[in-house]
Trainee: 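Here you go, one structure.
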Amino acid sequence: MGGEEMIPVSWAIFLSLALFTLGVIGVMIRKNLIILLLSLELMLNAVNLNFVIFSHTHGNTLGQVFSIFVMTIAAGEAAIGLGIIIAVFRIKKTMDADTLKEMEG
Amino acid sequence: MIKGIIPSLILTITALFLLLLRLFKIKKDWVGLSLGILSLLSGIIFLPYGISENSLPTLIQDDLAIYFQFLVMLASILTLILSWDYIKEGKWGFVEYSSLVLFATVGMYFLVGSKDFLTLYIGLELMALSSYVLTGYTRGEAKAFEASFKYFILGAFSSGVLLYGISLVYGSTGNFSIENALGQFQGSTDFIFKAGMLMVLCGFLFKVAAIPFHIWTPDVYEGAPNPITAFFSIGPKAASFAAFVRVFWWVFAPASEDWQFVVYVVAFLTMLGGNLMAIVQNNVKRLLAYASIGSAGYVMLGFISKNDFSLKGIFYYLLAFLFAMVGIFAIIIYLNKKEYSEEKVDDFKGLNKKHPFLAFSMLIFLLSLVGIPGTAGFVGKFFLFGSAIKGGFILLAVVGVLMSVVSLYYFFRIVVNMYISEEEKMEIKNSKFLLTTLIICLLGTLIFGIYPSFLLRILSINL
Amino acid sequence: MKELFFLTAFFPLLGFIIIGLFWKKLPKNIVSIIGCGSVGLSTITAFASVIDWATHSIHHPVFKELFLWIPAGELPTKFFGLKPLELSFAFQLDSLSALMILFVTFVGFWIHIYSIGYMAHEEGYNRFFAYLNLFMFSMLILVLADNLPLMFIGWEGVGLCSYLLIGFYYKEDWPQNAGKKAFIVNRIGDWGFLLGIFFTFYIFGSLRFDDVFSKAISEPEKFAPFATIICIFLFIGATGKSAQIPLYVWLPDAMAGPTPVSALIHAATMVTAGVYMVSRCNPLFRLSPDAMLVVAIIGCLTALFAATMGIAQRDIKKVLAYSTISQLGYMFLAAGVGAYAYAMFHVLTHAFFKACLFLGSGSVIHSCHTNDIMEMGGLKKYMKTTHWTFLIATLAIAGFPFFSGFFSKDGILSSVFSFGIHHTIGYILYSIALLTAIITAFYMGRVYFITFWGEYRGKGHPHESPKTMTSALVVLATLSLIGGFIGLPGEKYNLFSKFLEPVLPLKEGLVEPPHHLPLKTEAVLILISIIAALTGLYIAYKLYVKDREWNFVKNFVSKYPNLYKVVFNKYYVDEFYGMTFVSGTLKGAEGLAKFDLKGIDGAVNGVRHATVGTSLFSGFFDLRFVDGIVNLLAKFLGFWGNIWRRMQTGILQHYAFILTFGIFFIITIYLIFF
Amino acid sequence: MLEVFFLILAFLALLGGVGVIAFRQPIHCAISLLLTLLSLAGIYLIFSAEFIAAAQIVIYAGGILIIFLFAIMFVSVREAEKKKKYIPGWLLFLFFGVLLFLNLGIFIRSTIFEKGKGLGDTILNFGGNTEAISHTLYNYYLIPFEVVSLFLLVAMVGAILMGGWGVKK
Amino acid sequence: MDFLFKIPILSVITYLPLLGAILILFVKKENTKAIKFIATLFAGLSFLVSIFLWFGYDFTKEGVEIFQFIEKANWIPSLGVQYYFGIDGIALLLVLLTTLLSFISVYCSFTAITFREKEYYLLLLILETGMLGVFCSLDFFLFYLFWEIMLVPMYFLIGVWGGERKLYAAIKFFLYTLLGSVLMLLGILALYFYNTTGFLGFQGLGNPPTLDILHFHNIGLPANLQFWVFLAFFIGFAIKVPMFPFHTWLPDAHVEAPTAGSVILAGILLKMGTYGFVRFSLPIMPEATKQMVPYLVTLSIIAIIYGALVAMAQPDMKKLIANSSVSHLGFVTLGIFALNPSGLSGATLQMINHGISTGGLFLLVGIIYERRHTKLINAFGGLSYSMPNYAIYFMIIALSSMGLPAMNGFVGEFTILIGAFHNSWVWALLAGAGIVLGAAYLLWMYQRVFYGKIDKEENKNLPDLNLREKLTLIPLIILIFWIGLYPKPYFKRMENSVKYIVKIVSPDYYTKGEIK
């Protein structure tokens, strides 16, 4: 496609930055464990967006390749994360992350 | 071409084989242990084979890689021996445990040996993922899961940050190579390069547990099974440091002054905070966690000063740290009671009376961590502080040595319990495996402490 | 024989070692033999070697270097460049030291003999003789030394023995305090002496008397500017040892020791060491008229003050102690006006009569078991020998004509008078000295009359002392009676001055030699001093014998109670020292100790208990103390440890926030600094 | 024209992102994440990454999100309604998140981005986007590719180990 | 005596105690007799062998040749670290003092230590090895190794066999001394880099890497570098000495330590600080030293007076003696920083003297502590009745400590003071106050402990010294008089060593007599 002339790269970067920040904020403020994971996915997506954009800017496919790897890893992480969440849920019977504070100090 | 990855191949195949065994419900624990150790040993043996070969596009086989790969494999071997009693006792199955450790080792192998951000990232993630699993592996305890979950979320968070940094660097340079990333670096005006650099820095600082990214460490150390805690404190940390050094000394070399300043502040805080927080701990594992944070600060002295003493210092110190930590955890496992309870500093009361050798070894390890001459820890610190002095980071060196003194204060609370308090309430297991680990670590600490030239002669790390 | 003179010092040492090593096993009579025998041997050696030397080579001192003692490297000196500091154990025999060893061994020997009787029933007999022998050794080292540091050894050695012997009765507290006081006050003087030694080396590049004095004599103008400070420091040492103002306070207290000790150490020998030292260093003092004037004034004032203090004392030994201080003042006065020979002469005669007085008082105390003269009286009936000897000695000290004290005191007075010819101040000194002479005669008369006349007022039955004691009394009384004739007034007849001439020349240095008075003036002065002595004695007779009820004295005391109190309490000087220097030091010490201790409490414990408020507040509070800084640091560290620790809430989101904050922090510092 | 598309998609993506952190119910959050994912796939298309766009839809929307939905179903949903959705003091955290955004924004703002080269030539060389990617993937990145399979294996084993806990007992 | 130069005599002396320690390791805990025997045997052997040094040391040699009994071997070639032993006259005396006092402190512990004997003697022997190593080392690395290793056994000696507040005292001791030594390590590193490649704007000398101490003597460091390196070393040594503001660990450590610990602490460990000044600060950083002398001397004089005053007010005998150490060590540092031969040799001699006298005093306090289990002065009184021999020994050693002429203390103090005087008479004047105060606090204590009536029942029937106790004290008393009356052999042995240092510090001293 030939849209590259019209869309300033910085717009896209700002979008990715915004998504990244949203992810970060989500991890920081939400209580629900699953939503923490969702926020992490948001962060990874922001990264992917960057890769794609820069891949386009530099005219090589390395960024796109990387983003495939990122997706794969996102999948793996989601699997593990959910596994842990379920295990935690079985023991704690709650999805609140701030109940997980047996260890402190 | 294949030579460079022989060790990792051996490890991978063994790990897969072990999984397969598990799949067929063959739960021969000793197979897991012996195969794991064998494969790691042969991996170490094959390490030097790849050294002349640099034909792999994404892997590099230089001194730095070889030494640190050696280090992480050594860490894995010791971890496996260390884990035997622990895992056996809980009947958690050594086979898959062993394979997970091997997978983590493979991850670290690639992390250390990568010359490309992508490989680095994959290695990092493999290592991290195995670590998450290992953290929650054994106890079936809320604490372990809590630790695992915290570790996982924060780890993923930080690798997200690292990744974002990588993407920005990619945006600036247009490739992922660590060797030749600088093709398109545009000097001091290249802001996304610097933003990327800072975020990569943050990601690595998380991995090496530097303040203020240390926050996960105490909880994870406390919650994780003892042998795994030992493993975390050495293997992933050493591997992360190696990658850290490689990335920042190579890719970000042109911006040295920029990151040196930031790392300066961080190293300062890390040495200070880690050691100060350790003062107020009563839980041994948390205490060690903070101590290891402080140690990361010392290692950063070598990292920041970037001269001929630095790598020797980093490697030597991490090696000493490895021996000391594994040894200490061996002793903690020795002391571990049947029912689950916290590992208090008080647990060591009267150890000397009960088992003088354990107490003595513990003393040596603690002295090594403090950096008393005659132990390997001193040689490491000698090089690290030396590199800081040579690099002109006098203030950091002064803080470092002062904090060594502080570390004496909290470590010696354990010594006081062992030697001076008369109370005795512990039961001590009798384990050949733990003893073996202990002796290896003790010998390592003393030999490398008293006659370091043996290692230094080999160690001619150059970049 | 003369080469063996140094052995004089070592016989008593031998005695000390033998008694000291076997003090538990030796019986009393053997100890007496060893103790007295060793001193007797050294007396014989002293006489033999001095006679040998005096007959053959009186103008050539004999030197004997035993071994090199301290070779401590080269030091830069003022005039002589780099000079090695090499101190030797070396002795010299010249007329001054010859004089000293003669009378020290002689008087010492008789006091040893006396002690056999006096101490016969005391505990620690062996110990006593060991100490006495050690004292003899130190004293002989002091007088025989051929350099200042070696003299200092003896100097401190006699101080130590004095300490040990004052505190001989160690069951009680006050002898101990007295001994300690003596030692410490002496040390203050020694501090000055040491500095004097250092200055001497710095200026002259040597510490041997011979070297230093020959240099001083050869180039007086060159060294004169430095002589004053050297002499002042040396004189500080002398004031300590010889109990002069302001360091005299220890001597009255020192009477806590056994009486033979008071006689030997605190009257005859040790306290005169200061005079000896000043005389020994006369070539230096002669370079500095100022220093000599200081010596004279201090001596004169001490003489007067001590004499007035002696008036009101009731303790017989205290009276004698003040009289000793007063007589020592005379000696310094003589030295200060340049009449070193008369100073030494007075040392000699004083040794005889004061030793005799002390031994006599010891005899009295021995029989009355008290020191208070008010509890004695009428003793002349009971103790014939003691009475007569005491009387002779009293007359000698009072300056009764043709007794020994008369000659020496008269010599001093006329020297002071002649000093007045050059310096008007001399006349003032003379009149003070004369006044002192009257007072001396008075209080000695007082003691004598109160003790020996009238009725016995004490308990029990006084009796004469054993032979061992009285024999010594007789010998010393004889010498007090006739000893003065070796120093007849007038240059021609004064054997004593002639004997000392090689060491104590009349004309040398920058100070005017004492003016020779015409015979007429001399005669008038003699007459005046005779009158003075008689006046004093007469007043005493009048007040204490004629006036049987002592009404005048009693009225006087009740009329001027405060005056009496002040004098009786020795002008409160002791109290003043106690309040200022002693308690100042102790208070300071306690304060500093607390200051030091404060850190101990809760230093590192603070780490555990530290919280914001307390740590900061008590931290600042502690800052005043040395350890406090460390304390504060520990608390501060603990405080920060806790702050960091609170970050570890255990809540995942907080952790995530801290990570985010970390990134923010890093980027922000980067943005700020780059 | 593309600009408009981009802006719309960007808006939707952001909307979805905000939804993730704003909705109370996890299921709603998951749905809004889906919105973001799809919008991003659209943006990828604009930036000539067709393969990635497809993978985004297939892997993310079709795979990962489904696991999430399973998990959400698996654990109790109701419980979430009772409590607050944010942790105490969240505004402060939010504030710092925004600060971080501004901070990084400064860097990006100050960077002068070159005009993109575009992928046209590269793709033409290989005869298509997918081919270009595969060429890099299977040649240059062969080893990481193999390693990532190990990663997935570990993830699988791990998920089984983790999720299996409590079931046995 | 040629054969002495062929065998590695210093190593033999140093490692004999370690050998003993290893042997003890194989003896059963309960067999205390054998343990005591081995400990005494090896400490004694070490002492006997070290006597050969006294005769074998050729004190006529000058220059670098004052370092004798050299043993050299490569250790860590890449760093230039060597196993390098050798002693000069000063170290010779300290080695002898160490072996003697160690032997005595082993011997004096037989009845004082009643539990965990095995570990006790083991640690004592290791400690001896460490101390000897410090004095023998001529390589920074080796020196530092021994310097720090020694802290560990000392920590345990205080911490296990100490008094009530042993833990506090032990960790305080360890922390303070470690604090000093780590800073010293930085100083050593700075020297290393200056010698080789340079650092931080300092042009390096480009020499091959080495940590040979003698190589650094008079290497000509730039003035500002000298200053910083001096500071780094200074803190280490000043804490060890301890000089005035760093002294607070000392009373605690002394009071809580067991007798042998106190003896070694006072007798030897403190000397390492002063030895450090002589061996490192003066010859390596001469300019900085000269520049800092006014401050250092001020601190020394403060220590002399302050230590004495604090000692005076102590209610506890050990604490009193400990604080008197601060005062005495003040004399030593004063002598060192007088920077002339007299001051230096006096300081060296005073190190020995202090070891003997204060060590002796601690032994004596230990003896009474064993009998009465208290060290408080007012718990005693009139002891000269019940323990006359004890009183005599105490008196002699106390007199030596207060510097009475004809005893060792005087010789040291006199030479120090005269050395100080030749720099400034004010120094000598002020420091002289210490002599007066020294007499005051010791005599006062003596009076309160030994004189007066026995008013406490417990003190009436205390047994007097037994033979073993006498044997521990008699060597010290012999030395007291030997040094007091005939110190020439000591001065001879250190004469050229002192000359060597003075020549480095002020090259013109022996020609012009100036300290410039």
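These figures come from a predicted structure and were not determined experimentally. Per chain, numbering begins at 1; letters A, B, ... match sequence-line order.
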Trainee: Using heavy-atom distances under 4.5 Å, tell me whether A/Phe51 contacts chain B through its side chain, its backbone, both, or neither.
Mentor: both
Trainee: Side-chain contact test, heavy atoms from C-beta onward, threshold under 4.5 Å: evaluate it for B/Ser167 versus A/Phe66 and give yes or no.
Mentor: no
Trainee: Centre-to-centre under 6.0 Å for B/Tyr121 and B/Phe176, is that the case here?
Mentor: no
Trainee: Given a strict heavy-atom distance threshold of 4.5 Å, which part of A/Thr72 is in contact with chain B: side chain, backbone, both, or neither?
Mentor: neither
Trainee: Quick check on A/Leu44 against chain B: is it the side chain, the backbone, both or neither that has a heavy atom closer than 4.5 Å?
Mentor: side chain
Trainee: Relative to chain B, which segment of A/Leu17 carries a heavy atom at a distance below 4.5 Å: side chain, backbone, both, or neither?
Mentor: both
Trainee: Non-hydrogen atoms of chain B under 4.5 Å away: do they reach the side chain of A/Ser16, the backbone, both or neither?
Mentor: both
Trainee: May I ask you to decide if the ring planes of B/Tyr151 and B/Phe232 are parallel, tilted or perpendicular, using 30° and 60° as cut-offs?
Mentor: perpendicular
Trainee: Chain A heavy atoms under 4.5 Å from B/Leu129: which part of the residue, side chain, backbone, both or neither?
Mentor: side chain
Trainee: Taking side chain as everything from C-beta outward and backbone as N, CA, C, O, which of these in A/Phe20 sits under 4.5 Å from a heavy atom of chain B? Side chain, backbone, both or neither.
Mentor: side chain
Trainee: Flag the pair B/Leu205 / B/Leu201 as yes when at least one side-chain heavy-atom distance between them is below 4.5 Å, and no otherwise.
Mentor: yes
Trainee: Flag the one option from A/Gly23, A/Ser67, A/Ala46, A/Ser55 with the top tally of heavy-atom pairs under 4.5 Å to chain B.
Mentor: A/Ser55
Trainee: So A/Val88 and B/Glu146, do their side chains get closer than 4.5 Å, heavy atoms only?
Mentor: no
Trainee: Would B/Tyr410 and B/Asn275 count as a side chain to side chain donor-acceptor pair (under 3.5 Å) here? Give the steps.
Mentor: CA-CA 8 Å; B/Tyr410 56 76; B/Asn275 285 306; 2.4 Å; yes
Trainee: So which residue, B/Leu126, B/Ile153, B/Leu154, ends up with the most heavy-atom pairs under 4.5 Å with chain A?
Mentor: B/Ile153
Trainee: Select, from A/Leu40, A/Val65, A/Leu36, the one with the greatest count of heavy-atom pairs under 4.5 Å involving chain B.
Mentor: A/Leu40
Trainee: Check whether B/His214 reaches the backbone of B/Tyr290 with its side chain - one donor and one acceptor, N or O, closer than 3.5 Å.
Mentor: no
Trainee: Between B/Glu96 and B/Arg22, is the closest basic N to carboxylate O distance under 4.0 Å?
Mentor: yes
Trainee: With a 4.5 angstrom heavy-atom cut-off, which part of B/Tyr164 approaches chain A: side chain, backbone, both or neither?
Mentor: both
Trainee: May I ask you to name which of A/Ile13, A/Leu49, A/Ile73, A/Asn48 has the most heavy-atom pairs under 4.5 Å with chain B?
Mentor: A/Ile73
Trainee: Using heavy-atom distances under 4.5 Å, tell me whether B/Ala147 contacts chain A through its side chain, its backbone, both, or neither.
Mentor: both
Trainee: Evaluate the side-chain proximity of A/Leu62 to A/Phe54: yes if any heavy-atom separation is below 4.5 Å, no if none is.
Mentor: no
